[in-house]
Amino acid sequence: MRQWFCFVVLWLFLWGCSDNRRAGEHFRQGAHYEQQGRHADAMREYRLAAGGDNDSGYVVKAVDAIGHLYLAAGNRDEALAQFRQSLRLATDAHDTAMMVLSLRDMSRCYRGDAPQSAPDSAIGCFEHADRLIVAARLDSLRIQLWPEWLAVTMEAGQLDAVARMLDQDVGVPSSDDQGPLWLAKGRAQLMVGRRSEAVASLQQAAASQNVKTHAAATMLLSQMEADDGQYEPAWLSAMECVAMLDSINRQTVAANRNHVESLARQLEVERENAHLRLRLVLIGVATLLCILGLVAFFRSKTRRLRQVAERYRQAQEAMNRNSEAYMAAAERNIAQLTTEIENARQHNDQLEAQLLTLSRQREEQRLTEVRERRTQQENLMAAFRQTDLHAAFDAVGQTGQGAIDEEQWRLLETFADQHAGQFVERLMQYYPKMKPNDLRLCLLVKMGFTNLQMSNIFHRTQQATTNARKRLFARIFNREGQSDDLNRFILSF
């Protein structure tokens, strides 16, 4: 019992791990699709990741990513619902970083709303996020909020709040690009009238490696120089800004081209995969058809063998019925003769009794001969079925395809002479004018072939074969008869 319990616990643990692993794989695949611009595929993968284990960190990320896709599509209500869900999941998981990022994303939804309370709601999200950062002592997260927080505060026209935020010491490690932060500071300082500080901040932003940040800072500096009457430096700054914008445009075109090429390669791979799946399906269907064909072939082969066995059984029964009918008639004659002998003896007719006795002995002898011939015929047919020669004749007799050559007919005559007491030789002595086809017909009857098999071997109809046996019987005995009469004669010959 304990072993089963341990097994179940281990299985549940592995199942949970596999769910987390699958959630991570779906999330990474969704991010890959999102980078390629395939938002529908990315949404599908994110939803699969979000449907995994609630303890997995990828679930919160997937829900937040779904909100970003809705926001990019302009559906702010659905995006806000997804960000609220990610905030709830992050709160349950005590993931402060994701809580802060979810609040930041919620503020983006509020910033796009028309009502006057929207900026206040967005600022409320940033203030809530700031309290979480202070409580968790994660000052580095404030850097990700500060530029947008400052922009929202400026949009709301809260100059005092902007000034207080500028007085705070928000720095970033020297290894990070500080351009966006300096740009946000410069704009805020311009708004509150700190022109000199704004110039210094914008100059810091202009030194950024980020081309867009550099261009925006340079444009602001150019406007400030033009306002001060420094038209030459302002013109140079404007030209530099134009050059950077042109560079940004080229980079955008190159990025778009790379994106299109990547998408084309991905589509090509998917097309090849679709072709591969189609080929696999076709191979599977072809294999299934082959299997069904083999099954049908073996079933037909088995059915044909059963039919052959049934025909042999019917031929054997017909031969037995003929023999039994003859033997029954002989036995009746013997019994009748015995009764007449007894009657003759009772009347002291010695001569008639002797004649009747001789008749009974003759009938008994004929009955014994019939039984011996029946046994010989059965042995002959059993021995013939074990030979390759029978297989050749039977193949043509069953299907009617092919033909029996002269060598095979000669081997059949030899087999009949060896195993049926010189059958061919005796038959030719009895009826020397017999034609080759008549001899072959007698051979087939002797070997136990049915009328259908003989018809297929001679490539004629069954009625034609039946008529041929009638004519042969009439030529041999000079009287009319049936085809079965010839059969009885040949089988007993």
Side-chain angles (χ1 to χ4, degrees), residues 300-327 370 373-406 408-413 415-416 419-420 423-424 426-428 430-431 434-493:
S300 63
K301 188 72 174 179
T302 304
R303 185 168 55 252
R304 189 170 61 184
L305 292 176
R306 289 177 180 174
Q307 293 174 354
V308 171
E310 180 65 19
R311 282 194 289 269
Y312 281 137
R313 185 186 64 80
Q314 293 176 358
Q316 189 71 31
E317 289 180 353
M319 184 184 69
N320 293 339
R321 283 195 301 269
N322 293 333
S323 300
E324 290 173 357
Y326 185 83
M327 288 187 293
V370 168
R373 288 173 181 173
R374 174 179 173 180
T375 302
Q376 292 174 358
Q377 180 65 26
E378 291 177 351
N379 294 336
L380 173 65
M381 293 172 64
F384 181 60
R385 291 170 189 165
Q386 304 298 323
T387 63
D388 295 336
L389 186 62
H390 172 268
F393 276 86
D394 184 67
V396 179
Q398 295 298 332
T399 61
Q401 297 178 357
I404 305 299
D405 56 24
E406 295 296 332
Q408 291 173 325
W409 284 113
R410 188 184 62 77
L411 291 176
L412 183 62
E413 293 177 5
F415 183 87
H419 295 82
F423 172 78
V424 176
R426 290 188 293 109
L427 187 62
M428 295 303 296
Y430 179 79
Y431 187 61
M434 183 172 291
K435 299 178 181 179
N437 283 340
D438 295 337
L439 177 60
R440 292 175 179 179
L441 183 62
C442 294
L443 281 172
L444 295 178
V445 172
K446 186 67 175 177
M447 294 306 170
F449 287 96
T450 63
N451 188 63
L452 174 62
Q453 292 174 308
M454 290 187 288
S455 301
N456 290 333
I457 291 174
F458 288 117
H459 298 291
R460 60 178 66 172
T461 64
Q462 296 189 51
Q463 186 62 42
T465 305
T466 302
N467 295 335
R469 285 187 289 160
K470 290 182 181 179
R471 290 193 298 271
L472 179 59
F473 181 83
R475 287 197 299 270
I476 293 176
F477 294 99
N478 292 322
R479 60 184 178 86
E480 295 294 332
Q482 301 297 324
S483 59
D484 291 339
D485 296 334
L486 179 67
N487 291 354
R488 284 192 289 271
F489 168 71
I490 294 298
L491 292 175
S492 61
F493 186 77

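Note that these values count all heavy atoms, side chains included, but never hydrogens, waters or copies made by symmetry.
For the atom pair CZ (Phe458) and CD1 (Ile404), the distance works out to 10.0 Å, reported to the nearest 0.5 Å. Note that CD of Gln462 is 12.0 Å distant from CG of Asn467, once rounded to the nearest 0.5 Å. In this structure, Arg479 CZ and Phe473 CZ are separated by 4.0 Å, a value rounded to the nearest 0.5 Å. Distance check, rounded to the nearest 0.5 Å: CG of Leu443 to CE of Met454 gives 11.5 Å.
The aromatic rings of His419 and Phe415 lie parallel to each other, their planes meeting at an angle below 30°, with 60° marking the opposite boundary. Classified by interplanar angle (parallel below 30°, tilted 30° to 60°, perpendicular above 60°), the ring pair Trp409/Phe393 is perpendicular. Between Tyr430 and Phe477, the ring planes lie tilted relative to each other; the angle falls in the 30° to 60° range.
Ion pair Arg440/Glu406 flagged as a salt bridge, since at least one NZ, NE, NH1 or NH2 atom sits closer than 4.0 Å to an Asp/Glu carboxylate oxygen.
Looking at Met434 and Ile476, their side chains come closer than 4.5 Å, going by heavy atoms from C-beta outward. Asn451 places none of its side-chain heavy atoms less than 4.5 Å from the side chain of Ser483.
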Check the pair Lys446 / Leu427 against side chain to side chain contact (heavy atoms under 4.5 Å, CB included), numbers first and verdict last. CA-CA 12 Å; Lys446 186 67 175 177; Leu427 187 62; over 6 Å; no
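Between the side chain of Asp485 and the backbone N or O of Gln482 there is at least one donor-acceptor pair closer than 3.5 Å.
Counting only N and O atoms by type, the side chains of Thr465 and Ser455 include a donor and acceptor under 3.5 Å apart.
Shown here is Asp405, whose CG atom has more than 12 heavy atoms of other residues, nucleotides or ligands within 6.0 Å.
For Arg426, there are no side chain to side chain donor-acceptor pair (under 3.5 Å) partners, not counting sequence neighbours.
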